[in-house]
Structure formats: structure tokens, C-alpha cells
J.: 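Quick one: structure below, then a few questions.
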Amino acid sequence: LKTKPLACFDPPGLLFFRIGDLRLLLERHSSVEAGSSVLYLLIDDIQSEHQRLSGLGVHFDSAPHLIHVDSDGTFGARGTQEWMAFLRDPDQNCIALVERRPSSIAA
């Protein structure tokens, strides 16, 4: 499989690739630590899913919040907001819930 990088942000050392419908993020670190990878799950409604999972006793490291506005259309439609909420699996791996929404939708 040959693919060119989708985007590079250096600093802080982030490199993105698109492989089909998958977006892959590689990060530069000075050392490798257990649990340093992130699994991103795209969902339709981050607020509702956060509320549902919290009600089931899932602890979140952070509530849904705006991470990025794709002002130049690198990852999809120009102006799309990326909202994320972070939690940990039982092995302490980071999982991110991700919602992409048009910037016209209020928080």
C-alpha cells in the first residue's frame, strides 16, 4: 500500500494518512510508553453517546470538547469541527469518541 501523508504538523510531530475511510495518526515521541496509542471511533452524536456511557458508569478523562476546526478542508469538508471525548479501556489504552460536525451547528 502506497499513500502520501494527508497532513503534517511539526511541531508537535503529528503525521496523518488517509487509508480508505480510515485516518491514521502517527506521533513523534521521545520514548515509547504503554498506552500511548489512541483508537478514534467516529460517532454521530458525541453528547448523547457521552451521556449514555457515563450513565453506564464509564469514566471519561475529558468531556466532549472542540479539538480542531478543519478550516482548510484537510480532513473533509472545509470548516468542519472535530469534537472529541477521551476515555480509557481496562488496559489504560486511550479511546477517543469523535464527531465531525459542520461549524454552523452550535455546541
J.: So Leu87 and Leu97, do their side chains get closer than 4.5 Å, heavy atoms only?
T.: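 Sidechains of Leu87 and Leu97: in contact.
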J.: What pairs with Pro12 under side-chain contact (heavy atoms from CB on, under 4.5 Å), at least two apart in sequence or on another chain?
T.: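 Pro12 satisfies side-chain contact (heavy atoms from CB on, under 4.5 Å) with Phe9, Leu14 once adjacent residues are dropped.
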J.: Applying side-chain contact (heavy atoms from CB on, under 4.5 Å), can you list everything that pairs with Asp72, at least two apart in sequence or on another chain?
T.: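 By the side-chain contact (heavy atoms from CB on, under 4.5 Å) rule, Asp72 matches Asp70, Thr74.
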J.: List the steps, then state whether side-chain contact (heavy atoms from CB on, under 4.5 Å) holds for Ser71 with Arg78.
T.: CA-CA 5 Å; Ser71 58; Arg78 181 169 281 156; 5.8 Å; no
J.: Not counting sequence neighbours, which residues clear salt bridge (Lys or Arg N to Asp or Glu O under 4.0 Å) with Asp45? List them please.
T.: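 Once residues adjacent in sequence are excluded, Asp45 has no partner under the salt bridge (Lys or Arg N to Asp or Glu O under 4.0 Å) criterion.
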J.: Measure the CD-CD distance between Glu99 and Glu82 for me, rounded to the nearest 0.5 Å.
T.: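 Separation between the atoms: 10.5 Å.
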J.: What's the shortest heavy-atom distance between Gly79 and Val69, and which atoms?
T.: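 So the minimum-distance heavy-atom pair works out to O-CG1, 4.0 Å.
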J.: Answer yes or no: is there a side-chain heavy-atom contact under 4.5 Å between Leu41 and Ile95?
T.: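 Counting from C-beta outward, Leu41 and Ile95 do come under 4.5 Å.
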J.: Applying salt bridge (Lys or Arg N to Asp or Glu O under 4.0 Å), which residue pairs with at least one partner in residues 5-19 are found, sequence neighbours left out?
T.: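 Qualifying pairs: Asp10-Arg28.
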J.: Within a strict 4.5 Å, meaning less than it, do heavy atoms of the Pro102 and Gln81 side chains meet?
T.: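 No - every pair of side-chain heavy atoms lies 4.5 Å or more apart.
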J.: Please give me the minimum heavy-atom distance between Trp83 and Ile46, naming the atom from each residue.
T.: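 For Trp83 versus Ile46, the nearest heavy atoms are O-CD1, 3.6 Å.
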J.: Please list, chain by chain and in numerical order, all residues satisfying ring pair (Phe, Tyr, Trp, His ring centres under 6.0 Å) with His68, sequence neighbours excluded.
T.: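 In terms of ring pair (Phe, Tyr, Trp, His ring centres under 6.0 Å), with neighbours along the sequence ignored, His68 is linked to Phe75.
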J.: Donor-acceptor check, side chain of His65 to backbone of Ala85, threshold 3.5 angstrom: yes or no?
T.: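 Judged by distance alone, no pair lies under 3.5 Å.
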J.: Show me the side-chain donor-acceptor pairs of residues 51-59 shorter than 3.5 Å, one per line, residues at least two apart or across chains.
T.:
residue : atom : partner : partner atom : Å
Arg52   : NE   : Glu49   : OE1          : 3.2
Arg52   : NE   : Glu49   : OE2          : 3.3
Arg52   : NH2  : Glu49   : OE2          : 2.6
Ser54   : OG   : His50   : O            : 2.8

J.: Which pair of heavy atoms, one from Arg100 and one from Ala77, lies closest together, and at what distance?
T.: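 Looking at all heavy atoms of both residues, the shortest contact is NH2-N, 3.9 Å.
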J.: Residues in side-chain hydrogen bond (donor to acceptor under 3.5 Å, both in side chains) with Ser62, at least two apart?
T.: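 Scan of Ser62 (side-chain hydrogen bond (donor to acceptor under 3.5 Å, both in side chains), adjacent residues dropped) gives none.
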